[in-house]
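In what follows, a structure is listed as structure tokens, so that the remarks can point back to it.
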Amino acid sequence: MVFQPGNIAQPCTDGVIAGGTGLKAIVDCNSFYCSCERLFKPGLSKKPVVVLSNNDGCIVSRSDEAKQAGVDMAIPYFQAKHLIAKHDIAVFSSNYTLYGDLSWRVMETLRMLVGRDNVEVYSVDEAFVDLPAMSPEAAANYGLYIRQTVEQWTGISVSVGIAPTKTLAKAANYLAKKNKQLTRCVTALVTPEEQRNALQSIRVSNIWGVGRSYAEKLINMGITSAWELRNMSEQWAGKQLGGVVGTRLVKELRGEPCIDMQEQLDTKKMIATTRMFGSPVNDVLSIKEAIATYTSLAAQKLRRQRCAARTISIFIVPKEEDHAVDFHHGPIISTRTTLPTATSVTNELIKPAVQLVEKIYEEGRVYKKAGVMLSGLENDTCIQGNLFVPESKNKGRFLMDMMDNINFSMRDDILKFAASGTSRNWKMRQELRSPRFTTRWEEMFEVR
DNA sequence: TCTGGGGTCCTAGGACCC
DNA sequence: TCTGGGGTCCTAGGACCC
């Protein structure tokens, strides 16, 4: 890396157009998980790297070199093993603790650059940024300034797309990533001409908001480029692409903003913990242990956002017998229950959750996945103490705080409930995880 | 042998009410 | 024989995203 302070482009306020329509930028980390792994293994900086999903199931992040070697996104690990061996690709299990910390550093950098209120964290590796109206040159220059600063401060390289709407900014970012040499990872689509040229070159399936089934539908109707979609009427889009969603999509492609910057609500409306089993299970006890463990993880997330839940849903997924060419999950067998009052106390959630298992478990079937979802969330501080239960029960929340503190400072699961079991033969595989360099003392990066 | 996890929004349709 | 209209709330399921 050769970024000297002098290389940083200065934000060019000359180009700001007073009173014009503002611009939006999407800042997207390049191969984020791979970049995080490389940060602590500089020897891998030019080598192909991939990162696996939970359970070492699928490939979820690929470095450019791995993409070039022909490793596809989201394919099962075992299917890529021959390519991995052939090209000597470095493989990591996902290390969410590390990625979460580096993500925070990137977002903080953006907040410092453009102001806290102008950053909307969209996912672990992406953020939308609100910008004033600017000339095309000023926009491109500002994108470069963001990219270089983030890379210099955090070591993570990002791509930047800038345009009048979120959907066009995503399209700009797609082009920025597609040809990094040419774009230097920054593309701005400010003028109508720039937007037309860009949309003509992008296939409709690569547009943000067009997933697999809409893409198939559109192509069958003869609409293949993003430009063709842009030119369809709003009524048509509403009818074909799911109502207001479709209408919004074509408007955004035309440069009319319909998707606003979101207030940063870090309070989720639903909290889920779901996992594939390390190996399939058929006994009800293992499933109950898994459900208890997932409930306890979900409850922890619940308390972190200071909420309590009223509704508990659980599901289990049987392993299909036939190995069809088209892999798909399902059927998913689920059930739910609503509690008389919302709670965030783990054992008050575990008990009903485990009871639900009996309702859907079938003797003799083999299961591969299970999950717990908590919904009907309320603010924890507003929950009334219940007058009709012993006072000791209202102290549950304090016990939970203690447990969370101990688990946070020691190890994630040093304290747990007996229902979670101790054998854990259903536990997920994670054989290739790197150390949590930035958040655990005993795993800190060493320089010798 | 081996196919992730965690979210959001929207719509349709049923139940229920007056 | 003939069986309204309009509103709300809830749930299930489909689509999308990273």
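Computed from heavy atoms alone, side chains included, the values below leave out hydrogens, waters and symmetry copies. Residue numbers begin at 1 in each chain, while the letters A, B, ... track the order of the sequences.
Within residues 213-252 of chain A, the residues that place at least one heavy atom under 4.0 Å from DNA chain C are, in residue-number order, A/S213, A/Y214. In the region residues 106-125 of chain A, proximity to DNA chain C at under 4.0 angstrom, judged on heavy atoms, holds for A/Y122, A/S123, A/D125. Near DNA chain B, defined here as any heavy-atom distance below 4.0 Å, the residues from residues 68-79 of chain A are A/P76, A/F78, listed numerically.
Formation of a donor-acceptor pair under 3.5 Å by the A/E252 side chain with backbone atoms of A/T165 is not found in this model. Remark: the backbone N or O of A/L44 is paired with a side-chain donor or acceptor of A/R38 at under 3.5 angstrom.
A/I207 comes within 4.0 angstrom of the backbone, heavy atoms only, and of no base. Within the 4.0 angstrom heavy-atom criterion, no nucleotide atom of any strand lies near A/S94.
Shown here are the side chain to side chain donor-acceptor pair (under 3.5 Å) partners of A/S61, two or more places apart in sequence or in another chain: there are none. With sequence neighbours excluded, the residues forming a side chain to side chain donor-acceptor pair (under 3.5 Å) with A/N95 are A/S434, listed by chain and number. In this structure, the side chain to side chain donor-acceptor pair (under 3.5 Å) partners of A/K47, at least two apart in sequence or on a different chain, are A/D88.
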Show me the protein contacts with nucleotides 7-12 of chain C, counting only N or O atoms at under 3.5 Å.
from: C/dA12; atom 1: OP2; to: A/R336; atom 2: NH2; distance (Å): 3.4

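Among residue pairs with one or both ends in residues 194-220 of chain A, none qualify as salt bridge (Lys or Arg N to Asp or Glu O under 4.0 Å); sequence neighbours excluded. Contacts classified as salt bridge (Lys or Arg N to Asp or Glu O under 4.0 Å) and involving residues 167-184 of chain A (residues at least two apart or in different chains) are given here: A/D28-A/K177, A/D64-A/K180, A/E126-A/K170. Judged as a salt bridge (Lys or Arg N to Asp or Glu O under 4.0 Å), the pairs with a partner in residues 94-113 of chain A (not counting sequence neighbours) are, in order, A/D101-A/R105, A/E108-A/R111, A/E108-A/R116.
Between A/K319 and B/dT3, a side-chain N or O to OP1/OP2 separation shorter than 4.0 Å is absent.
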Please tabulate, one pair per line, all N/O donor-acceptor pairs under 3.5 Å involving side-chain atoms of residues 352-366 of chain A, not counting sequence neighbours.
from: A/E358; atom 1: OE2; to: A/K288; atom 2: NZ; distance (Å): 2.6
from: A/K359; atom 1: NZ; to: A/T335; atom 2: OG1; distance (Å): 3.4
from: A/Y361; atom 1: OH; to: A/N282; atom 2: O; distance (Å): 2.5

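The strand DNA chain C forms stems, runs of 3 or more Watson-Crick or G-U wobble pairs with distances below 3.5 Å, at B:5-18 with C:5-18.
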